[in-house]
Q: 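Input: one structure, supplied below.
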Amino acid sequence: MLTLKLIRENTDEVIKHLAVKHFDGSVIISKIIELDDRRKAIQLQLDNNLAEQNRIAKEIGKLFNEGTTEANSAKAKSGELKELSKSLSQELNEVEEEQRKLLMQVPNLPHESVPQGVSASDNVVVRTGGNIPNLAKEALPHWDLASKYNIIDFELGVKITGSGFPVYRGKGAKLQRALINFFLDYNTQAGYEEIEPPHMVNEDSAYGTGQLPDKDSQMYHVTADGFYMIPTAEVPVTNIYRDVILHASMLPIKLTAYTPCFRREAGSYGKEVRGLNRLHQFDKVEIVQIQHPDRSYESLEEMVSHVEGLLQKLELPYRIVKLCGGDMSFTSALTYDFEVFSAAQHKWLEVSSVSNFESYQANRMMLRFKEEGDKKAQLAHTLNGSSLALPRIVAALLENNQTPYGIKIPKVLLPYCGFDIIDL
RNA sequence: GGAGAGAUGGCCGAGUGGUCUAAGGCGCACGCCUGGAGAGCGUGUAUACGCCAAAAGCGUAUCGAGGGUUCGAAUCCCUCUCUCUCCGCCA
C-alpha cells in the first residue's frame, strides 16, 4: 500500500510512475486525495465534539464530588453532542474504509530503472550463465524420464489427491530432500536465519503480504477455521514482523525458510502445465530480507548474486531478466526473474523471482524501525526471493543431464544425495 | 470436544463507575553523585490520526477485538478471538 503522504506530496510523480505498470492512476488518485480531505474535516469536527463531551463529563463528575446531584442541563447538552459524534464517527469509518479500498487497488510504484514494456517479451535479459547442452534427438522430456526411472508418479498423485500433486519416490524423493538441504545450508552460510513457519496463515497475515484481498482465489482456503494454505513462505515469514517496530541496528534481518507451497492456479491446464511445470503443491526455499530504505537496493543486488551462485553450483544454464513494467507483480517495485533452460522442452522455466517491495508491504503490515535517537518510526523495506523453487529445477536437471545410461546428478549434491546418478 | 480461569504499557503487576492525566516495580535513556564503576538520587520513557508552515504545544482514540448501558467505562452488560488449568482425544 502506498502511503498517503507520498500520494499527497508527489501526486504527479506517482501517476507518472504508475503508468509504467500500465495503471491509469489519475482518477483513483484524485479520488483518494478528495476522500482524505473529507476524512480530515470530519475528524476535526469529531475530535472537537468528543473533547466537549469529555469536558462536560468531567464537570458533572466535579459536581458529584461536591455533593450536587443536579446536572440536567449538562446531561442534555452531552446527549445532543453524543448523537452528533455517533453520526460523525460512522461517516468517518465509511470514508476511511472507502479510502482504504481504493488505496488497496493502487499497485506499488515501479523503480525508475524498470524497463518500459507490456509483456514478458519486453523483459530485459541482464545476464546469462551455464551451457545449454546438445541433447540427442531421442532425448526425453522430464515427465517421461520421471516414469522411466520411477522417481515421480503423477498419476498416483491424481489418485491420492488430484492433478498437480505429484508423488516423489525413491531417488526422486531423496533428490527433493537433498535440494532443500543444500539450499538451506547455502542460505544460512550467507547469514540467513533458518525459519520453519506455519504452513497455514490467518487472514491478517494474508492481507499483510498482499495475497488478500485481490488474489484470494489462488490460495486454498480452510473455511472451517478461516486459514489459508500458504502459497509461498514469504507470507508466514514476512508476517513475523507484522506490527513490529525494530531498532535500526537490527537491520538487515535475513531469513530463510523451506516450506511446501500450495497454489490453486484455477483454470490453467494443458501443455504449459505438464509434468513439473506448474503444480498445486511444490517445495520451495525462500529468502526474505527486511532492510533500511537506504540500503534495500544493495540488498536486492546481493540477493540476485546469491541466487545466481546456486544456479552456478547446480551447473544449470540460466538467465536473469529484469521484469518490465507490464510483467511485474502488483506489489513489487523491482523484480529479477531467474530462468533455467529445460533442454528437452526447449523452454526457459522461471525458478526464482527476487523482488524489492520497498515500503509497500511494510505499510500494509505496519513493519517499521526506529533510528537511534529518533522519535518517529519509519517504514522498513521488505525483499524476498526464491532460492529456489524445486520442481522446475528438477525438470531442468533431469532433462539437461540425461544420458543413455542414466541421469547425472551435479557434484554439489553428492554429499546430500549419496548418489551421483539416477539409473535403472 | 467438556468444565473453569484469564487477557492492562517493552516486561511484571495494581486497579470493580468520576483528579485514571493507568499506581508500583523491572528494564531502557539522560542527568547528578564517583578517581572509575556500582549503589543511590532526579528526570524521561507507547502508537495512530488530527490541528499548526514546522517545531513546541494541544486535541482525539487505543487497557485482547467489536458492540451496548451511562453525563462519564480498564471497571457493568452482550458477542467474538486468543491464552492458561483440568478432563477427553491424539503424533
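We name chains A, B, ... by the order of the sequence lines, and we start the count at 1 in each one. A quick note: this is a predicted structure, and the numbers were derived from the prediction, not measured.
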Q: Could you tell me how far apart A/Leu367 (CG) and B/rU47 (C1') are, to the nearest whole angstrom?
A: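 Spelled out: CG on A/Leu367 to C1' on B/rU47 is 15 Å.
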
Q: For B/rC78 and B/rG4, measure between their P atoms and round to the nearest Å.
A: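 Per the computed distance, 14 Å lies between those P atoms.
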
Q: Given the P atoms of B/rA37 and B/rC30, what is the spacing between them in whole Å?
A: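 Result for the P pair: 12 Å, nearest Å.
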
Q: Expressed as a whole number of Å, how far does the C1' atom of B/rA7 sit from that of B/rC80?
A: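 The answer is 14 Å between these two C1' atoms.
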
Q: In terms of relative ring orientation, are A/Tyr220 and A/Phe262 parallel, tilted or perpendicular, with 30° and 60° separating the classes?
A: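 Answer is perpendicular, since the angle exceeds 60°.
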
Q: Examine the side chains of A/Asn363 and A/Thr3 and answer whether a donor and an acceptor come within less than 3.5 Å of each other.
A: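 The answer is no; no qualifying pair exists.
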
Q: Does a donor on one side chain sit under 3.5 Å from an acceptor on the other, for A/Thr209 and A/Glu234?
A: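 Result is no, nothing qualifies.
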
Q: If we take the P atom in both B/rA46 and B/rG10, what is their distance in whole Å?
A: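 Straight-line distance between the two P atoms is 9 Å.
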
Q: What I want to check is whether the side chains of A/Asn108 and A/Thr331 have a donor and an acceptor closer together than 3.5 Å.
A: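 No pair is found: no donor N or O on one side chain lies under 3.5 Å from an acceptor on the other.
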
Q: If each of A/Glu59 and A/Ala377 is mapped to the nucleotide of RNA chain B with the nearest heavy atom, which maps nearer the 5' terminus, i.e. the 5' end?
A: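 Closest to the 5' end, via its nearest nucleotide, is A/Glu59.
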
Q: Please report the distance, rounded to the nearest Å, between NE2 in A/His247 and P in B/rG27.
A: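 My rounded result for the distance is 16 Å.
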
Q: From NZ of A/Lys370 over to P of B/rU45, roughly how many Å is that when rounded to an integer?
A: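 Taking atom P of B/rU45 as the reference, NZ of A/Lys370 is at 12 Å.
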
Q: Counting primed atoms plus P, OP1 and OP2 as sugar-phosphate and everything else as base, spell out the protein contacts along nucleotides 49-71 of chain B at 4.0 Å heavy-atom distance: B, S or - for each nucleotide, 5' to 3'.
A: BSS-------BSS------S-BB

Q: Go through RNA chain B and write down every stem, that is, every run of at least three consecutive Watson-Crick or G-U wobble pairs with distances under 3.5 Å, as range with range.
A: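 Only these stems qualify: B:1-7 with B:81-87, B:10-12 with B:24-26, B:27-32 with B:40-45, B:46-51 with B:57-62, B:64-68 with B:76-80.
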
Q: With no hydrogens and no angle check, do the side chains of A/Glu91 and A/Gln45 hold a donor and an acceptor under 3.5 Å apart?
A: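 Their side chains do not contain a donor-acceptor pair, so the 3.5 Å distance test is not met.
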
Q: Would you say A/Tyr258 and A/Glu194 are linked by a side-chain donor-acceptor pair, where the criterion is simply a distance under 3.5 Å?
A: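 Side chains of A/Glu194 and A/Tyr258: no pair found under 3.5 Å.
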
Q: Do the charged groups of A/Arg38 and A/Glu34 touch, with an N to O distance under 4.0 Å?
A: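 Answer for the salt bridge query: no.
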
Q: Distance check, P atoms only: B/rA61 and B/rG72, in whole angstrom units.
A: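 The answer is 12 Å between these two P atoms.
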
Q: Given the C1' atoms of B/rU16 and B/rA74, what is the spacing between them in whole Å?
A: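 Looking at atom C1' only, B/rU16 and B/rA74 are 10 Å apart.
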
Q: Indicate the ring-plane relationship of A/Tyr360 and A/Phe330, choosing parallel, tilted or perpendicular according to the 30° and 60° boundaries.
A: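 The rings of A/Tyr360 and A/Phe330 stand perpendicular, inter-plane angle above 60°.
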
Q: In plain terms, say whether A/Glu98 and A/Lys101 are close enough for a salt bridge, that is, a side-chain N and a carboxylate O under 4.0 Å apart.
A: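 The answer is no: the pair does not qualify as a salt bridge.
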
Q: Quote, to the nearest angstrom, the C1' distance that separates B/rU83 from B/rA65.
A: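 Looking at atom C1' only, B/rU83 and B/rA65 are 15 Å apart.
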
Q: For atom C1', what is the distance between B/rC26 and B/rG44, given to the nearest Å?
A: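 Pairwise C1' distance, B/rC26 against B/rG44, rounds to 16 Å.
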
Q: Output the rounded distance in Å from CD (A/Glu203) to P (B/rC80).
A: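 Going from A/Glu203 (CD) to B/rC80 (P), I get 18 Å.
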
